[in-house]
Asks: 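Following this message is one structure expressed as structure tokens.
The model shown is predicted, which means the values in this text are computed figures rather than measured ones.
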Amino acid sequence: MLQSYPTKKRFALLFLVLVFAGITGHTQAVKRVQPAWWFGVSGAANSNHFRGTTQMLNNNLTVPTAFHKGEGIKPYASVLMEYRPGKVLGGMLNVAYDNRGGKFDEVIAPCNCPANLTTNLGYVTIEPSLRIAPFASAFYIFAGPTIAFNVTKTFEYTQFKQPDTKADWSDLRSPVFAAQAGAGIDIPLSKKTAETQMTLSPFASFQTDLLNSPRKVESWSVYTIRAGVALKFGTGKKSALPIAAPSTITIRDTINMTAKAMEKDVQFSVRAPKIVPGNRQVKETFPLRNSVFFDMGSTEIPNRYVMLNQQQATGFKEEQLQESQPNNLNTGRSARQLAVYHNILNILGDRLRSNPQSSIALAGASDKNPTEGKILAENIKQYLVTVFGINGSRISTEGRDKPVIPSEQPGATRELALLREGDRRVDIVSTSPELLLQVGGANSEFLKPVQIRAMQQDPLDSHVIFTVDGANELLNSWNVDVTDEKGTVQHYGPYTQDQASVSGKTILGNNTQGNYKIMMNGQTKTGRTITKESSVSLLKMDDVKQEGQRYSILFDFDRSKTIASYEKFLTDIVTPLIPENGTVIIHGHTDIIGEEKYNLTLSRQRAKDAQQIIERALQNAGKKGVKFETYGFGEDTGMAPFENNLPEERFYNRAVIIDIIPAK
């Protein structure tokens, strides 16, 4: 909703202008002839705005990068009929051609190449509306349902260095049911006493995207701001009666009042936990990234990966990593999880040893040097054969200049060093089910996850989250002052996005509880200072006997894999573990590669999509009372689950994390 903020404010301004113009423009000394039935035509411009996710364009084309937002100006034309039996109430009917097309915002494909998508969606619509003239004047408002039948459904997809694609959308809804509301003014063009009256009627309306998804798949929705003019004709009886004197309110006054309201309307809210939890024991199903990353310029397995000798390998069991903290545990963010991942070769050796019928394929990639890529793969094979005694015939190797799903694409120019670090790797592929977790289908590439128990030092539900709706659009920056009962002030910020968080334990410090006044100070883009106030009460509870569960969904650099690919996993594995009256915290993250604003939007959309899938599954299972807290943090390094120093950390940051907290 935040992305449409300025557009909706402009619509509110236009609405108020129509109200006051309708009041002031048509007071007269002689009563005008008022026909009961009116007929005419209208023409308008549709300002279409796209939201949601669009990636599978039809059954033959799924593009590599999802499109989310877009807009376009398209035509609207109708024949109309109105019935006005009195001064206030009436009815309207439009039968129209309604074009909902436009152009999506340009995205960057995995090749770091620009990609564009335009569409030409046309409908024949039937629009019955209730018409109300609240001041018994020329100004009127209307609202009612719309029924749209699709007549055109073309799109054009273009990507740099790729052939253009012109085709039709698949899975379109028809008819589409939605709703609209608007306002207009009838400006008379005929003499007051003429039996046949003709009016020119400027109007504006809003077509909601509620129930207005054009397709049966994905989450693309369209809402429309429409502005146009209608020409109407009606026949009535002559009359000449006096009416009231004119009002003195002007359109300029209306615009000034509305502009001030727009600038003033910044909403501030605070979400604070009732109890700030201490450390929480978490049983985590930790996904095992199926890649080993090599340092630039070296073919040796990096020493950050745990390497055993034959004697140590004999006694190694994957289960050793599940309960106890590894001896090699480093300090730092997600050190527990990263230590498990850095045992990937030992975990793989143990699984191959325990499942003698299984096999793997190692695909090594080195930029423009598949021979060296083969060496990378052979070094891993040699370790598994020599240390764990795996028969070499069970391990195939190949060399490539790029991974099957590369980070760097031809024509890429930005952040090449990070992209190439992520591409210098050996991918582990297997078709043996005992090595895999079936996430999103039988052809899963994910290695079976590791079950570990970890201690969360600062759970997300212990954070105080500040939200400033419209900050990204209306404010240059904002900050927060937190004042306790003694007058001590803590200052946080500045922030530029519409959401920020601070740990409740940080605010409390050495205190176990406290009441705080929260003051948000923002600087608008017009130079004004905006101040909003709230308050919170915090209570710290140490060592709560409460065990949570955590699941993570990883996304490769290939963004073509949407959250829908994991629906079976979320429905069959995650949802059954959610207790009634429990809390589900879903947070999306990305790495630091790419545009910050796009990454923020992407992480939010993925988190929301995951929530919707789980909510449907809970409803089908009859579970009640589950509360959701859903966030998207993008590439925010303060909230990222991992650092961004190593390629494996960046890959693990491309995730949606699901925390399941039982009822207290």
Asks: Determine all donor-acceptor pairs shorter than 3.5 Å in which one atom belongs to a side chain in residues 162-172; sequence neighbours excluded.
Replies:
{"from": "Trp169", "atom 1": "NE1", "to": "Thr119", "atom 2": "OG1", "distance (Å)": "2.8"}
{"from": "Ser170", "atom 1": "OG", "to": "Arg215", "atom 2": "NH2", "distance (Å)": "3.4"}

Asks: Report the residues that fulfil side chain to side chain donor-acceptor pair (under 3.5 Å) with Glu372, sequence neighbours left out, ordered by chain and then residue number.
Replies: Ser366, Arg424
Asks: Apply side-chain hydrogen bond (donor to acceptor under 3.5 Å, both in side chains) to residues Asp609 and Gln605 and explain how you reach the verdict.
Replies: CA-CA 6 Å; Asp609 289 346; Gln605 187 62 51; 2.9 Å; yes
Asks: Tell me yes or no: between the side chains of Gln611 and Thr630, is some donor less than 3.5 Å from an acceptor?
Replies: yes
Asks: Consider only side-chain N and O atoms of Asn653 and Glu649, and report whether a donor and an acceptor are under 3.5 Å apart.
Replies: no
Asks: Centres of the Tyr305 and Phe294 rings: under 6.0 Å?
Replies: no
Asks: Output all residues satisfying salt bridge (charged side-chain N to carboxylate O under 4.0 Å, His left out) with Asp572, sequence neighbours left out; order by chain, then residue number.
Replies: Lys568
Asks: Using modelled atom types and a 3.5 Å cut-off, is there a donor and acceptor pairing between side-chain atoms of Ser358 and backbone atoms of Asn355?
Replies: yes
Asks: Can you list every salt bridge (charged side-chain N to carboxylate O under 4.0 Å, His left out) pair that touches residues 358-367, not counting sequence neighbours?
Replies: Asp367-Lys402
Asks: When the ring centroid of Phe104 is compared with that of Tyr157, is the distance short of 6.0 Å?
Replies: no
Asks: Indicate yes or no: at least one non-hydrogen side-chain atom of Ile658 is less than 4.5 angstrom from one of Val584.
Replies: yes
Asks: Return the set of residues passing salt bridge (charged side-chain N to carboxylate O under 4.0 Å, His left out) with Arg425 (not counting sequence neighbours), or none when no residue passes.
Replies: Asp423, Asp427
Asks: Taking 4.0 angstrom as the limit, do Asp591 and Arg654 come out as a salt bridge?
Replies: yes
Asks: Give a yes or no on whether the backbone of Gly101 and the side-chain of Asn48 come within a donor-acceptor separation of less than 3.5 Å.
Replies: yes
Asks: Got a sec, which pairs hit side chain to side chain donor-acceptor pair (under 3.5 Å) with one end in residues 292-303, sequence neighbours left out?
Replies: Asp295-Arg304
Asks: Among pairs that include at least one residue of residues 105-115, which meet salt bridge (charged side-chain N to carboxylate O under 4.0 Å, His left out), considering only residues two or more places apart or in two chains?
Replies: none
Asks: Given 3.5 Å as the limit, does a donor-acceptor pair link the side chain of Ser430 with the main chain of Ser359, or not?
Replies: yes
Asks: Go through Thr397 and Lys374 one step at a time and tell me if the side-chain hydrogen bond (donor to acceptor under 3.5 Å, both in side chains) criterion holds.
Replies: CA-CA 7 Å; Thr397 62; Lys374 175 85 168 177; 2.9 Å; yes
Asks: Contact between Leu57 and Thr62 at the side-chain level, heavy atoms closer than 4.5 Å - yes or no?
Replies: no
Asks: For Tyr383, what residues pass the ring pair (Phe, Tyr, Trp, His ring centres under 6.0 Å) criterion, not counting sequence neighbours?
Replies: none
Asks: Side chains of Glu284 and Gln337: is there a donor and an acceptor less than 3.5 Å apart?
Replies: yes
Asks: Counting only N and O atoms by type, is there a donor-acceptor contact under 3.5 Å from the side chain of Glu218 to the main-chain atoms of Met56?
Replies: yes
Asks: Could you give me the CA-CA distance, side-chain angles and deciding distance for Phe50 and Phe67, then say whether side-chain contact (heavy atoms from CB on, under 4.5 Å) is met?
Replies: CA-CA 10 Å; Phe50 301 157; Phe67 292 86; over 6 Å; no
Asks: Inspect the contact between Glu156 and Lys103 and indicate whether a charged nitrogen and a carboxylate oxygen are less than 4.0 angstrom apart.
Replies: no
Asks: Salt bridge check: are Arg289 and Glu648 linked by an N-O gap of less than 4.0 Å?
Replies: no
Asks: Whether the side chain of Lys381 engages the backbone of Ile395 through a donor-acceptor N/O pair (distance < 3.5 Å, no angle test) should be reported.
Replies: yes
Asks: What I'd like to find out is whether the side chain of Ile657 reaches to under 4.5 Å of the side chain of His589, using heavy atoms alone.
Replies: yes
Asks: Does the side chain of Glu378 pick up a donor-acceptor pair with the side chain of Gln382 at under 3.5 Å?
Replies: no
Asks: Are any of the side-chain heavy atoms of Arg51 and His68 separated by less than 4.5 Å?
Replies: no
Asks: Any donor-acceptor pair under 3.5 Å linking the side chain of Gln55 with the backbone of Val63?
Replies: yes
Asks: The test is side-chain contact (heavy atoms from CB on, under 4.5 Å); show your working for Thr65 and Ile108 and say whether it passes.
Replies: CA-CA 7 Å; Thr65 302; Ile108 302 301; over 6 Å; no
Asks: Between Ala607 and Ile586, which heavy-atom pair has the shortest distance, and what is it?
Replies: O-CG2, 3.8 Å
Asks: Applying ring pair (Phe, Tyr, Trp, His ring centres under 6.0 Å), name anything that partners Tyr492, two or more places apart in sequence or on another chain.
Replies: none
Asks: Which residues pass the ring pair (Phe, Tyr, Trp, His ring centres under 6.0 Å) test with Phe388, sequence neighbours left out?
Replies: none
Asks: Could you give me the CA-CA distance, side-chain angles and deciding distance for Phe555 and Tyr566, then say whether side-chain contact (heavy atoms from CB on, under 4.5 Å) is met?
Replies: CA-CA 10 Å; Phe555 294 86; Tyr566 302 93; 3.9 Å; yes
Asks: Could you tell me which residues satisfy salt bridge (charged side-chain N to carboxylate O under 4.0 Å, His left out) with Arg394, sequence neighbours excluded, listed by chain and number?
Replies: none
Asks: Which atom pair, heavy atoms only, marks the closest approach of Glu415 to Gly594?
Replies: OE1-N, 2.9 Å
Asks: So, Glu643 and Arg650, do they make that salt bridge, N to O below 4.0 Å?
Replies: no
Asks: Taking the six-membered ring for Trp and the full ring for Phe, Tyr or His, determine whether the centres of Phe651 and Phe293 are under 6.0 Å apart.
Replies: yes
Asks: More than 12 non-hydrogen atoms from neighbouring residues, nucleotides or ligands closer than 6.0 Å to CZ on Phe160, yes or no?
Replies: no
Asks: Can a donor-acceptor pair be found, under 3.5 Å and without considering hydrogens, that links the side chain of His587 to the backbone of Gly632?
Replies: no
Asks: Got a sec, which residues hit ring pair (Phe, Tyr, Trp, His ring centres under 6.0 Å) with Tyr631, two or more places apart in sequence or on another chain?
Replies: Phe633
Asks: Where the side chain of Thr571 meets the backbone of Glu567, is there a donor-acceptor pair that is under 3.5 Å apart?
Replies: yes
Asks: Grab the two heavy atoms, one from Tyr551 and one from Thr285, that are nearest each other, plus how far apart they are.
Replies: CE2-OG1, 3.2 Å
Asks: Answer yes or no: is there a donor N or O on one side and an acceptor on the other, between the side chain of Asn620 and the main chain of Arg616, under 3.5 Å?
Replies: yes
Asks: Are Phe316 and Asn343 packed together at the side-chain level, in the sense that at least one heavy-atom pair is separated by less than 4.5 angstrom?
Replies: yes
